[in-house]
Amino acid sequence: MDSFHLTFGGYQGAGSIHTRAAHVFGGALARELGGVLDFDFEPDILSQGRKSGDLPGLVEHGDYAVSAIASIRFSAAVPELRLFELPFLIENRAKLFAALDGDLGDFFKNRVLESTPFRVLGFWDNGFRHLTNKVRPIRTPADCKGLRLRTQMSDFLADVFAPMGFEPVAMDIRDFLAGIGSDAVDAQENPLTSIVNFGMAKHHRYITLTGHIFGVVLLFCNAALFASWPAPVQAAVARAATEASVAQRALAEAEDARLLAKFDPAQNEIIALTPAEHAAFAETAAPLLARARRELGPGLFRPFA
């Protein structure tokens with residue numbers, strides 16, 4: 001086989017579980033393809049002045065062959081992916097990934113392939129998302145009133161957080177981090193790994209464990225490029241993606257417990273909601289979930305019944 005060059009673009013830096021899983025992907029490919037593989041991995045395009053949201057376009061135009069980013073970046077083209085933007089729906093990661101490794105995952109792979117220039121290689125764990133802010137402890141929706149909340153780049157998320165009382169502000173992670181010490185926003189929501197990895201905990205004292213959304217990351221590649229690869233390379237990439245996905249999910253689950261134990265009470269106040277407090281937040285999402293069931297169809301919701 002001729003030499004094979006594969007580029008992978010990331011945005012979370014060396015300490016990220018996504019970065020570590022990308023190295024698993026590269027290592028698995030190296031075992032499969034031996035000396036013919038040239039694996040070129042860029043772990044952090046933010047350090048190059050890029051935005052995280054540039055990654056799909058960079059893969060589409062061939063700057064990178066493979067990347068991994070939150071499913072929200074594809075939901076405009078594949079509205080069914082809004083399933084992973086819905087609050088208080090997914091409560092069990094094992095149950096979710098069992099579905100994504102089966103028929104539900106095949107459905108999303110087909111929808112992405114037919115509606116975008118991309119092929120999904122795997123589904124990664126982006127963790128349960130929690131609220132952080134620099135103003136006050138949040139225990140109820142009333143505590144959210146008037147706080148400007150940075151959200152991911154999705155108009156749909158305004159419908160998630162406005163009913164809680166927030167003033168949602170969509171912002172790329174690069175722009176948010178650049179102004180995190182300013183008064184541009186008061187609060188944000190992310191999994192614990194990002195809260196720590198991106199240094200958000202240094203600026204936001206209060207961390208409320210709402211677990212309001214469970215994020216899914218798509219490991220994806222340029223579909224036309226994948227189709228051009230020889231069959232042995234396609235098979236090797238698919239097997240490497242499976243190995244990396246298994247590793248990434250294990251890293252993500254272990255990361256939550258590890259990080260919770262590391263927060264310094266002098267710097268951060270961890271707020272665990274009571275069942276009643278959690279239910280009050282979930283109640284704000286009930287109309288949105290009912291609407292989504294009508295719009296997306298009840299079949300997508302069966303794995304979470």
Side-chain angles (χ1 to χ4, degrees), residues 9-13 16 18 42-61 63-64 67-87 89-90 108 111-112 115-118 120 123-133 144 147-164 166-180 182-195 197-200 203-204 210 212-220 285 288 292 295-296:
Y11 72 98
Q12 292 200 350
S16 162
H18 296 347
E42 169 52 61
D44 186 14
I45 67 167
L46 303 187
S47 65
Q48 303 174 351
R50 294 277 196 176
K51 296 183 178 183
S52 62
D54 292 341
L55 279 167
L58 291 170
V59 172
E60 179 180 1
H61 295 109
D63 297 82
Y64 298 109
S67 186
I69 199 167
S71 62
I72 199 168
R73 296 291 183 173
F74 306 92
S75 57
V78 182
E80 294 91 344
L81 285 170
R82 294 205 327 258
L83 189 75
F84 306 125
E85 299 166 38
L86 292 170
L89 174 67
I90 299 167
F108 282 122
R111 287 289 290 118
V112 170
S115 301
T116 77
F118 310 117
V120 174
F123 300 94
W124 286 7
D125 183 323
N126 210 26
F128 287 98
R129 302 180 76 85
H130 306 290
L131 299 172
T132 77
N133 84 100
C144 305
L147 296 182
R148 288 169 56 81
L149 175 83
R150 178 264 168 180
T151 72
Q152 295 171 282
M153 299 294 291
S154 166
D155 293 337
F156 179 76
L157 288 177
D159 294 337
V160 173
F161 294 107
M164 296 181 190
F166 288 113
E167 298 174 10
V169 181
M171 192 181 298
D172 188 88
I173 189 69
R174 186 199 69 174
D175 298 331
F176 169 61
L177 293 175
I180 192 172
S182 73
D183 293 328
V185 294
D186 308 300
Q188 66 87 43
E189 50 91 38
N190 253 299
L192 291 174
T193 183
S194 294
I195 290 168
N197 218 31
F198 287 123
M200 299 169 189
H203 299 273
H204 288 188
T210 46
H212 51 273
I213 291 174
F214 184 82
V216 171
V217 163
L218 303 188
L219 176 64
F220 68 101
L288 181 63
E295 293 177 350
L296 301 180

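Quick note: residue numbers are just sequence positions, from 1. Quantities reported herein were computed from a predicted structural model and do not represent experimental measurements.
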Where do Gln12 and Thr193 land on the side-chain contact (heavy atoms from CB on, under 4.5 Å) test, with the steps shown first?
CA-CA 10 Å; Gln12 292 200 350; Thr193 183; 5.6 Å; no
Check against side chain to side chain donor-acceptor pair (under 3.5 Å), Ser154 and Arg82
CA-CA 10 Å; Ser154 166; Arg82 294 205 327 258; over 6 Å; no
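Note: Phe108 and Phe84 have tilted aromatic rings, judged against thresholds of 30 and 60 degrees for the angle between ring planes.
Leu149 is listed as a side-chain neighbour of Leu131, based on a closest heavy-atom distance under 4.5 Å. Between Thr151 and Phe166 there is no side-chain heavy-atom pair separated by less than 4.5 Å. Using a 4.5 Å heavy-atom threshold, the side chains of Val216 and Leu83 count as separate.
Pairs of residues two or more places apart, or lying in two chains, that qualify as salt bridge (charged side-chain N to carboxylate O under 4.0 Å, His left out) and include a residue from residues 149-161 are Asp159-Arg291.
A distance-only check finds a donor-acceptor pair linking the side chain of Arg129 to the backbone of Glu189 [under 3.5 Å]. When atom types are taken as modelled, the side chain of His61 and the backbone of Gly57 share a donor-acceptor pair closer than 3.5 angstrom. Proximity of a side-chain donor or acceptor of Ser75 to a complementary backbone N or O of Ile72 within less than 3.5 Å is detected.
For the side-chain contact (heavy atoms from CB on, under 4.5 Å) test, residues two or more places apart in sequence or in another chain that qualify with Arg174 are Leu46, Lys51, Asp172. For Gln188, the side chain to side chain donor-acceptor pair (under 3.5 Å) criterion is met by Thr132, Asn190, not counting sequence neighbours. Partners of Glu80 by salt bridge (charged side-chain N to carboxylate O under 4.0 Å, His left out), not counting sequence neighbours, listed by chain and number: Arg111. The side chain to side chain donor-acceptor pair (under 3.5 Å) check on Thr116 picks up nothing, with sequence neighbours excluded. In this structure His18 satisfies the side chain to side chain donor-acceptor pair (under 3.5 Å) test together with Asn126, Gln248, sequence neighbours excluded. For Ala178, there are no side-chain contact (heavy atoms from CB on, under 4.5 Å) partners, not counting sequence neighbours. Applying the salt bridge (charged side-chain N to carboxylate O under 4.0 Å, His left out) criterion to Glu85, with sequence neighbours excluded, gives no partner residue. Every residue two or more places apart in sequence or in another chain was checked for a ring-ring contact (aromatic ring centres under 6.0 Å, His included) with His130, and none qualifies. Remark: Pro43 engages Thr19, Phe41 in a side-chain contact (heavy atoms from CB on, under 4.5 Å) (not counting sequence neighbours). For Asp125, the side chain to side chain donor-acceptor pair (under 3.5 Å) partners at least two apart in sequence or on another chain are Arg93. Considering only residues two or more places apart in sequence or on other chains, Asp186 meets the side-chain contact (heavy atoms from CB on, under 4.5 Å) condition with Lys134, Val135, Leu147, Arg148.
Interatomic distance, Phe128 CZ to Leu192 CG, rounded to the nearest 0.5 Å: 11.0 Å. Separation of atoms CG (Asp54) and CD (Gln48) is listed at 10.0 Å; rounding is to 0.5 Å.
In summary, the aromatic rings of Phe198 and Phe176 are positioned with their centroids too far apart to meet the 6.0 Å limit.
Shown here for Phe220 and Leu218, the closest heavy-atom pair between the two residues is CD2-O, 3.4 Å. Shown here for Glu42 and Ser47, the closest heavy-atom pair between the two residues is OE2-OG, 4.4 Å. Across all non-hydrogen atoms, the minimal contact from Tyr11 to Asp44 is O-OD1, 3.1 Å. Closest of all the heavy-atom pairs between Ser52 and Ile69 is O-CD1, 3.2 Å. Between Pro79 and Ala77, the closest heavy-atom pair is CD-O, 3.5 Å. For the residue pair Ala158 and Pro168, the shortest heavy atom distance occurs at CA-CG, 3.9 Å.
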